[in-house]
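FYI, side chains are in, hydrogens and waters are out, and symmetry mates aren't considered; it's all heavy atoms of this structure.
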Amino acid sequence: MQSARYDYGRQGPNTNQERIDFLTNKEKVSSKRKTRILIGVLVGLLILAAVAAVLIWLFVFKDADPEGAFSEKRPATPVFSGHMKLVGVSYDQMLENTESKEFKDMAGKLEAILGKNIKNDEFLTKYYAKSVVTGFSEGVLAYYWCQFDVPPTDLEIVPELSEERVLETMEEGIKAARSVSSRSDIQISEITLSATDPRMARSPTAKDCFFRLEAEKTPKRFTSPGYPRGYSPKSRCQWQIRADKNNVISVNFPFFHIEDDCADDFVSIYDSLSPDDSQAITEKCGQRPPSNPLGVVSSGNIMLINFITDSEVQRPGFEAEYVAMPKSQVQACGGVLTQNEGVFTSPLHPSFYPPAVDCKWTIKVPAGKKVRVRFDMFRMKEPGVDIGVCHKDYVKVMDTKYCGEMSSLTLTSTSNVLEVTFHSDESYADKGFSAKYSAFDPSNPCPKMFSCRSGLCITNNHKCDGWDDCGDMSDEMDCRCEKDQFSCANGMCKPELWVCDSVNDCGDGSDEEQCSCEENEWRCGDGACLPQDVVCDKKKDCEDGSDEVSCEISIGVCSDFSFKCNNGECVNKVNAECDQMNDCHDGSDETACNCGTRPYKLNRIVGGQNAEVGESPWQVSLHFMNSGHVCGASIINERWLLSASHCFVTSSPKNHIASNWQTYSGMRDQYKSDGVQRRSLKRIISHPDYNRMTFDYDIALLELSEPLEFTNTIQPVCLPSSSHVFLAGMSCWVTGWGTLREGGRTAQILQKASVKLINDTVCNVVTEGQVTSRMLCSGFLEGGVDACQGDSGGPLVCFEESGKWFQAGIVSWGEGCARRNKPGVYTKVAKLANWIKKETGI
């Protein structure tokens with residue numbers, strides 16, 4: 001039985017002066033005419049000079065910063081940074097004052113040593129510009145950067161200026177100097193070096209946006225320049241923060257809103273006083289929600305924060321709070337855990353764990369029992385780390401290292417004792433982990449449940465259902481396939497819904513083998529097989545025109561996949577709209593693209609099914625009279641919402657009266673109103689062809705009585721054009737406050753579920769022919785949920801490569817909730833795009 005979803009330092013160019021001879025005839029030239037000629041020549045020279053200057057600026061100096069370092073876009077001045085460990089030198093507090101004689105003398109000597117060592121290499125000395133010591137810390141450590149200038153004519157040699165070559169040259173120079181040094185000489189015992197973004201190379205005597213701060217036990221604050229009005233482009237700011245010797249520095253950002261592109265604008269934080277990548281803690285951009293703030297901690301008593309902006313887009317910037325913490329407090333991790341159950345986390349979780357920390361937990365439970373550990377949150381990501389090796393930050397359990405990012409991880413011991421160790425190296429920290437442990441009886445590890453090989457317990461009906469619920473596939477081994485399942489060649493069972501969806505679900509490709517055409521044939525979008533030579537022959541051979549999609553030579557051939565420009569021309573390109581490329585001559589494919597973005601930066605994997613703040617900013621809750629939440633909707637612009645007709649066309653005429661409804665945008669918790677905008681409805685437009693029996697054309701437009709104000713948690717979703725393609729097998733998301741399970745209560749917190757789009761042909765079979773061309777099907781991917789967690793009228797959204805979220809469907813109907821081989825059915829928005837445009841003008 002079908003049911004609606006209710007319940008719902010720069011060098012300039014060399015200038016060669018040319019001699020210009022003015023040729024004159026014997027005829028006398030008047031002084032007036034001579035003046036005109038001279039002025040003309042001077043004007044011409046000025047124009048030439050101006051053109052030359054512009055070209056030089058464009059190709060050489062365009063991205064130079066005020067202190068002479070170029071941006072990474074034009075690597076004309078490679079910069080390397082690091083630190084040196086000095087021996088035989090006692091630490092003087094005056095070294096922290098860059099204006100002191102002690103600092104200047106020591107820095108000068110070290111800069112001379114660095115320059116001398118580099119000049120031992122004939123190749124390096126050709127391009128070497130300078131070295132700058134930026135600070136000192138206990139140890140004694142000296143922090144520095146060195147710069148090389150490469151003229152535009154020699155840019156091809158930049159790869160040869162590698163950090164390996166520079167470091168090797170420095171180390172050889174230090175080794176040679178050590179063998180002949182006297183007691184009066186400064187001795188360097190070790191040196192580090194890594195390639196550095198030149199924009200972060202600052203002089204310690206800089207005045208512009210350069211700050212030296214002292215962290216104390218009482219929190220203090222600093223902000224980005226211009227906060228909160230907005231920072232300026234081409235900003236180069238740096239904060240050196242120090243604390244007492246036995247303390248570390250904690251910095252939290254209560255507010256953080258930087259441009260999304262980290263190549264242009266970013267904040268980078270170092271466990272050092274130089275921008276040395278080997279000492280980097282993190283680099284961030286974008287906008288962070290209050291539920292996911294940025295917080296970092298140093299391993300010692302120093303920290304460096306850089307703020308770089310190059311985009312023309314102004315954002316508010318950030319506010320930061322810094323405080324000194326006892327080093328013992330940060331390193332107080334690990335210990336012996338003897339309770340039958342408990343929780344332990346990485347240091348300072350959910351803030352970033354500090355660099356250079358080691359922890360060890362020993363879990364001891366009563367004899368005869370074993371230990372189960374489940375990591376509900378696990379994030380230890382670092383650039384360039386192979387998660388199969390985990391050679392940097394990791395958790396180690398029973399001689400196996402784990403790193404990267406996982407939604408969950410469950411492990412079991414072989415005895416009543418289990419050791420868990422955590423290690424972070426000197427670079428790139430992350431949020432770490434949160435883990436629960438419990439003792440269990442090995443003779444009955446999962447009472448009345450299925451015991452995964454990993455130790456996780458799952459419900460028995462999840463065994464052999466085609467889903468990897470255990471995480472190690474142990475629940476899908478040794479299965480006998482049911483009649484509504486596909487039997488893979490490798491013996492696994494998968495839902496029939498997944499056959500022919502262009503995704504290798506079996507792992508051996510057997511679920512897709514019967515879906516492909518012969519090698520010399522082309523498969524149309526509707527599944528028909530035609531000779532390969534029909535592709536791009538300027539004719540519409542496939543009924544749906546898919547043989548001419550993305551064919552540059554097929555200009556003028558219009559098909560179901562062609563994007564129709566406002567001027568009437570057809571663009572044969574899959575999903576041409578809002579892909580940041582002007583395909584229409586009139587630019588109409590990119591005109592309505594201020595949509596489908598989530599201002600807040602969100603973790604890719606979040607445990608549970610609660611949606612994060614700002615994760616679905618287009619989601620709307622519809623309240624009917626005094627009944628509270630009844631249906632969902634989506635924001636398509638400031639005045640219009642999109643929902644399902646069956647919410648309003650019912651046996652009760654009251655449902656179609658606009659004044660009986662209230663809309664709530666920006667809502668996450670049904671009992672909280674922070675940031676929520678309430679609007680009444682002006683009118684409800686249900687599709688005139690909506691069929692209450694079949695749910696065909698199940699779509700409705702809702703006009704608001706007053707416009708919405710877009711915020712971080714209130715944004716419109718992108719509407720697909722009539723030609724937009726959402727491929728079968730694609731993973732999308734459905735959201736809403738619907739029931740958490742069939743027959744259950746509605747949710748208080750906005751829920752989300754990952755669903756997989758299902759092949760139309762397969763969908764029509766499993767729904768026994770009830771699906772029309774204006775419907776699409778999806779099956780759940782996570783947690784045994786489908787549109788029960790979306791509810792009627794709510795959006796089914798998919799993320800495109802263009803970086804935009806498009807609404808593929810509207811929650812419409814289905815049999816029960818998350819039933820096996822009974823997919824959720826949605827209204828296909830693309831098929832009704834022209835009707836939406838006609839009614840709203842969007």
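Not a single side chain to side chain donor-acceptor pair (under 3.5 Å) links Glu590 to another residue, sequence neighbours left out. Looking at residues two or more places apart in sequence or on another chain, you find no salt bridge (charged side-chain N to carboxylate O under 4.0 Å, His left out) involving Arg639. The salt bridge (charged side-chain N to carboxylate O under 4.0 Å, His left out) test applied to Arg679 returns no partner, not counting sequence neighbours.
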Cys565 vs Cys570, disulfide bond (SG atoms under 2.5 Å apart): CA-CA, chis, key distance, verdict: CA-CA 6 Å; Cys565 305; Cys570 289; over 6 Å; no

Could you walk me through whether Asn567 and His585 pass the side-chain contact (heavy atoms from CB on, under 4.5 Å) test, one step at a time? CA-CA 8 Å; Asn567 61 9; His585 287 105; 4.3 Å; yes

Test log, rule side-chain contact (heavy atoms from CB on, under 4.5 Å), inputs Phe563 and Ser723: CA-CA 6 Å; Phe563 179 83; Ser723 63; 4.0 Å; yes

One pair to check against side chain to side chain donor-acceptor pair (under 3.5 Å): Glu512 and Asn504. What are the steps and the verdict? CA-CA 7 Å; Glu512 300 298 312; Asn504 181 11; over 6 Å; no

Give the intermediate values and the outcome of side chain to side chain donor-acceptor pair (under 3.5 Å) for residues Ser645 and His687. CA-CA 7 Å; Ser645 278; His687 199 286; over 6 Å; no

Which is it for Val811 and Val734 under the side-chain contact (heavy atoms from CB on, under 4.5 Å) test, yes or no, and what are the steps along the way? CA-CA 8 Å; Val811 177; Val734 60; 3.7 Å; yes

Take Trp835 and Tyr697, measure what side-chain contact (heavy atoms from CB on, under 4.5 Å) needs, and give me the verdict at the end. CA-CA 11 Å; Trp835 177 76; Tyr697 293 96; over 6 Å; no

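Using modelled atom types and a 3.5 Å distance limit, the side chains of Asn292 and Glu612 yield no donor-acceptor pair. In summary, the side chains of His646 and Ser812 do not present any donor paired with an acceptor at a separation below 3.5 Å, with no hydrogens or angles considered. For the 3.5 Å distance criterion, the side chains of Ser665 and Gln677 fail to qualify, holding no donor opposite an acceptor. Side-chain contact of Thr309 with Asp265: a donor-acceptor pair under 3.5 Å is absent, judged by distance alone. Inspection of the Gln807 and His724 side chains reveals no N or O donor paired with an N or O acceptor under 3.5 Å. Judged purely by distance below 3.5 Å, without hydrogens or angles, the side chains of Gln715 and Arg598 never pair a donor atom with an acceptor atom.
To the nearest 0.5 Å, atom CD of residue Gln619 and atom CD1 of residue Ile714 are 12.5 Å apart. For the atom pair CZ of Arg678 and CD of Glu706, the computed distance is 11.0 Å after rounding to the nearest 0.5 Å. In this structure, Asn566 CG and Asp586 CG are separated by 5.5 Å, a value rounded to the nearest 0.5 Å. Note: Asp511 CG to Asp505 CG = 5.0 Å, rounded to the nearest 0.5 Å. Considering CG of Leu708 and OG1 of Thr663, their distance stands at 6.5 Å, rounded to 0.5 Å. The CG atom of Asn759 lies 10.0 Å from the CG atom of Asn764; values are rounded to the nearest 0.5 Å.
The shortest side-chain heavy-atom distance between Val267 and Glu283 does not fall under the 4.5 Å cut-off. The shortest distance between side-chain heavy atoms of Phe648 and Ile685 does not fall below 4.5 Å. Within the 4.5 Å cutoff, side-chain heavy atoms of Leu642 are placed close to those of Ile699. Between Val797 and Trp618 there is a side-chain heavy-atom pair separated by less than 4.5 Å. Using a 4.5 Å heavy-atom threshold, the side chains of Tyr826 and Leu757 count as separate. The side-chain heavy atoms of Ile308 and Asp197, taken from C-beta on, include no pair separated by under 4.5 Å. Between Glu839 and Trp640, every side-chain heavy-atom pair lies at or beyond the 4.5 Å cut-off. When side chains are defined from C-beta on, Asn610 does not count as touching Leu750, because their heavy atoms never get closer than 4.5 Å.
Taking a cutoff of 4.0 Å between a charged side-chain nitrogen and a carboxylate oxygen, Lys234 and Asp310 qualify as a salt bridge. A salt bridge does not link Asp698 to Lys828: none of the charged nitrogens lies less than 4.0 Å from a carboxylate oxygen. Classification of Asp696 and Arg774 as a salt-bridged pair holds, one side-chain N sitting under 4.0 Å from a carboxylate O.
Taking the centre of each ring, Phe799 and Trp733 stay at or above the 6.0 Å mark. Not less than 6.0 angstrom separates the ring centroid of His623 from the ring centroid of Trp661.
Of all the heavy atoms in Pro720 and Ala833, the pair that sits closest is O-CB, 3.4 Å. Residues Ser232 and Gln314 approach most closely at CA-NE2, 4.0 Å, considering heavy atoms. Nearest heavy-atom pair, Trp737 versus Gln670, reported as atom, atom and distance to 0.1 Å: CD2-NE2, 3.2 Å. In plain terms, the two heavy atoms of Ser705 and Ser680 that are nearest each other are OG-OG, 2.8 Å. The shortest heavy-atom contact between Ser643 and Leu702 is CB-CD1, 4.1 Å. Across Cys647 and Asn655, no two heavy atoms sit closer than the pair O-ND2, 3.2 Å.
Environment of CG in Asp508: crowded, with over 12 heavy atoms of neighbouring residues, nucleotides or ligands closer than 6.0 Å.
Between the side chain of Asp589 and the backbone N or O of Cys584 there is at least one donor-acceptor pair closer than 3.5 Å. Judged purely by atom type and a 3.5 angstrom limit, Gln751 uses its side chain to pair as donor or acceptor with the backbone of Ile749.
Cys pair Cys593 and Cys578 passes the test of SG atoms under 2.5 Å apart.
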